[in-house]
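Sequence lines set the chain letters: A, B, ... in the order given, protein chains first and strands last, and positions in each chain run from 1.
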Protein chains: 2
Amino acid sequence: MGTTQLETAPETKYWHLKTVIGEALDSEFAVGEILPNERDLAARFGVARATLRQALEQLELEGRLQRRRGVGTTVAPPRMGVAVGAAGNGWPGSSGDAWQPADCTQEIPPAVVAELLGTGADEAVHVLRRSRMYSGQPVAADLLYVPAASVPDLSAIDIPDGVTRARVVLRELQLLGFEGEDRAVELGSARADDARQLDRLPGAPVLLVTTRYFGHGGRTAAVSVATYRADTCRLTFGGDVEFHSEQERRAS
Amino acid sequence: MGTTQLETAPETKYWHLKTVIGEALDSEFAVGEILPNERDLAARFGVARATLRQALEQLELEGRLQRRRGVGTTVAPPRMGVAVGAAGNGWPGSSGDAWQPADCTQEIPPAVVAELLGTGADEAVHVLRRSRMYSGQPVAADLLYVPAASVPDLSAIDIPDGVTRARVVLRELQLLGFEGEDRAVELGSARADDARQLDRLPGAPVLLVTTRYFGHGGRTAAVSVATYRADTCRLTFGGDVEFHSEQERRAS
DNA sequence: CAGTGGTCTAGACCACAAG
DNA sequence: TTGTGGTCTAGACCACTGA
């Protein structure tokens, strides 16, 4: 007898599983609904738990599932469109800025950042820690590096409160005005501290957005390294119009 | 006796391994160098191969390693900065366009795209398949959807060659001029066909760039869905100046 | 406490590239 | 044919959540 399947491409088990479960999510599950636990699912599909997990990992990477230790696996809502650059997010600290300052210290930045800033390798700069919320969820953490030269009027910083220090630096920065910005997006994995802020485990996939802000004369006035949750975020650029992702379509 | 380690955070094995290997890559390996195979590495570190692999996966996700079946694991070159939008990549088909058309058919687009285009759910549109190379490597595959209404002068398309058809559509599109564009970036995993084009396995992490091109009157004239290799690419936006990533710093 | 997902093991076999 | 990374298994234990 021939195989009942046509001689198609050899498909791995977890890939096929991912497809099957993905289709089931579209047709049989609502957002927020809890899936059976991994052991049951694995048994139901007749595979080892590790294989089932490989499929779930893929679906989580694509933002279709959300897994939380001690709780379970739920159907994720569509990714939220998070505006990056443009509208209300141009110059750090401008009105409507989506970022919420959390702290400000003076530190020697990583060599990467120092090079972008054009500061010396052992020169301390202001480091603002900021976080960004959306619909009540943390979506991004970032570090904003501001060289002392960019905010010359801050002679004596003896403000005890970090948040206040942050606001002062931002205000100074805002007074400067700016000429443009530069942006790069790449895939990364959450460091331990970012992971904590983003309510994820270390190593979770994140979108790393590095922005250079140019002051007058083309000098780099500040550099921001933002870490967005890759599972829940879709970064949008230019244009204020929101548009819908595949998931939002499915949900409606 | 107390533990010789300070009571630090409990760190998983693979995470620690990732850190150790990552540091070794910085100090003891050159770009392109081949690492020992997974079985040897696992034995050397006294862990199961699966655990070792978990660490390597992280490093590959961060673009620091490249693994190829049947070949081995090599130290990856720094991610290449790939310009998206702006300079020479504005309107599809404009001079200096980095995309190379490969084919053109007429198909009914996925519902997601149809909605973005504002076409009917069962209306066929031109589908241009394009690919993008960089330094001799494929970095992205994309599908450009062009509604028939956007290129009205193509009454009878009986051109046999797909590439030629693609060029004709692009030329028509170019004659229209455009008013702006809209972009979104999110994490995805490579479909089987994209994976083949990008020389990766299915499910490989990719950066999904969805672009809406607006014609005169704010109408959506075309939609492009581009799939960039997340391991080798850093997407850059705005500003023609290239800047260096952490890895480029390490390499220099 | 019971139940979840996260980590880890020690094996096996498969698909692929290159000699 | 050999050696590589990729897949898969069946089990164990851990870390965390919430009742």
Side-chain angles (χ1 to χ4, degrees), chain A residues 7-19 21 32-61 64-76 189-190 192 195-196 199-205 231, chain B residues 7-19 21 32-61 64-76 189-190 192 195-196 199-205 231:
Chain A
E7 197 80 27
T8 63
E11 205 175 32
T12 62
K13 272 192 188 177
Y14 83 90
W15 186 260
H16 182 240
L17 253 188
K18 180 207 141 188
T19 308
I21 297 177
E33 198 167 341
I34 305 179
L35 268 64
N37 72 56
E38 297 183 348
R39 291 161 179 88
D40 285 354
L41 276 178
R44 180 175 314 185
F45 288 107
V47 298
R49 190 179 155 217
T51 306
L52 185 270
R53 276 180 61 80
Q54 214 173 341
L56 296 187
E57 257 154 47
Q58 283 272 339
L59 290 167
E60 194 180 26
L61 196 77
R64 314 223 7 218
L65 289 180
Q66 184 159 3
R67 302 192 283 174
R68 275 175 307 172
R69 171 156 54 181
V71 179
T73 302
T74 58
V75 180
S189 52
R196 217 177 5 261
D199 193 26
R200 299 257 60 196
L201 291 177
D231 55 344
Chain B
E7 197 81 29
T8 62
E11 203 174 36
T12 62
K13 272 193 187 178
Y14 83 89
W15 186 261
H16 181 240
L17 209 48
K18 180 207 141 188
T19 308
I21 297 177
E33 198 167 342
I34 305 179
L35 267 65
N37 72 55
E38 296 182 349
R39 291 162 179 86
D40 286 354
L41 276 178
R44 181 175 313 185
F45 288 109
V47 299
R49 190 178 156 219
T51 306
L52 186 269
R53 276 180 62 79
Q54 214 173 339
L56 295 187
E57 258 154 45
Q58 282 273 340
L59 289 167
E60 195 181 26
L61 195 80
R64 312 223 11 215
L65 289 179
Q66 184 159 5
R67 301 192 286 172
R68 274 174 306 173
R69 171 156 56 180
V71 180
T73 301
T74 57
V75 180
S189 52
R196 215 173 13 258
D199 193 28
R200 299 255 64 195
L201 292 177
D231 55 344

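The CD1 atom of I34(A) sits 12 Å away from the C1' atom of dG3(C) (whole-angstrom rounding). Atom-to-atom, CG of L52(B) to P of dG6(D) comes out at 12 Å; the value is rounded to the nearest Å. Nucleotide dT9(C) holds its C1' atom 17 Å from the CG atom of L41(B), rounded to whole Å. In this structure, R69(A) atom CZ and dG18(D) atom P are separated by 13 Å, rounded to whole Å. Summarising the geometry, the separation between OH on Y14(B) and C1' on dG5(C) is reported as 13 Å, rounded to the nearest angstrom. Distance CD (E57(B)) to P (dT7(C)): 11 Å, rounded to an integer number of Å. Rounded to an integer number of Å, the gap from L65(A) CG to dG5(C) P is 11 Å. In this structure, the CZ atom of R49(A) is 15 Å from the C1' atom of dC8(D), given to the nearest Å.
A side chain to side chain donor-acceptor pair (under 3.5 Å) with D231(B) is found for exactly one of R64(B), R200(B), Q66(B), namely R200(B). Across E38(A), Q58(A), E60(A), a single residue satisfies side chain to side chain donor-acceptor pair (under 3.5 Å) together with R53(A), and that is E38(A).
Nearest to the side-chain atoms of V71(B) among the listed nucleotides dA17(C), dG6(D), dT9(C) stands dA17(C). Among the nucleotides dC8(D), dC8(C), dT9(C), the one closest to any side-chain atom of A48(B) is dT9(C). The side chain of A50(A) sits closest to dT9(D) out of dT9(D), dG18(D), dC13(D).
Side-chain atoms of R39(A) come within donor-acceptor range of the base of dG5(C), with a qualifying N/O pair under 3.5 Å.
N37(A) has a side-chain polar atom (N or O) that falls below the 4.0 Å cut-off from OP1 or OP2 of dT4(C). The phosphate of dT4(C) (OP1 or OP2) has no side-chain N or O of T73(A) nearer than 4.0 angstrom. Put simply, T51(B) has a side-chain N or O that comes within less than 4.0 Å of OP1 or OP2 on dT9(C). The side chain of R53(A) contributes an N or O atom lying less than 4.0 Å from OP1 or OP2 of dG6(C). In terms of phosphate contacts, R67(B) brings a side-chain nitrogen or oxygen within less than 4.0 Å of OP1 or OP2 of dG6(D).
Between the side chain of E33(A) and the backbone N or O of T74(A), no donor-acceptor pair lies under 3.5 Å.
Between E57(B) and K18(B), every side-chain heavy-atom pair lies at or beyond the 4.5 Å cut-off.
Nearest heavy-atom pair, Y14(B) versus A55(B), reported as atom, atom and distance to 0.1 Å: O-CB, 3.6 Å.
L201(A) comes within 4.0 angstrom of sugar-phosphate atoms only, judged by non-hydrogen atoms across all strands, and of no base.
Heavy-atom distances to DNA chain D give each of L35(B) and T12(A) a nearest nucleotide, and the one nearer the 5′ end belongs to L35(B).
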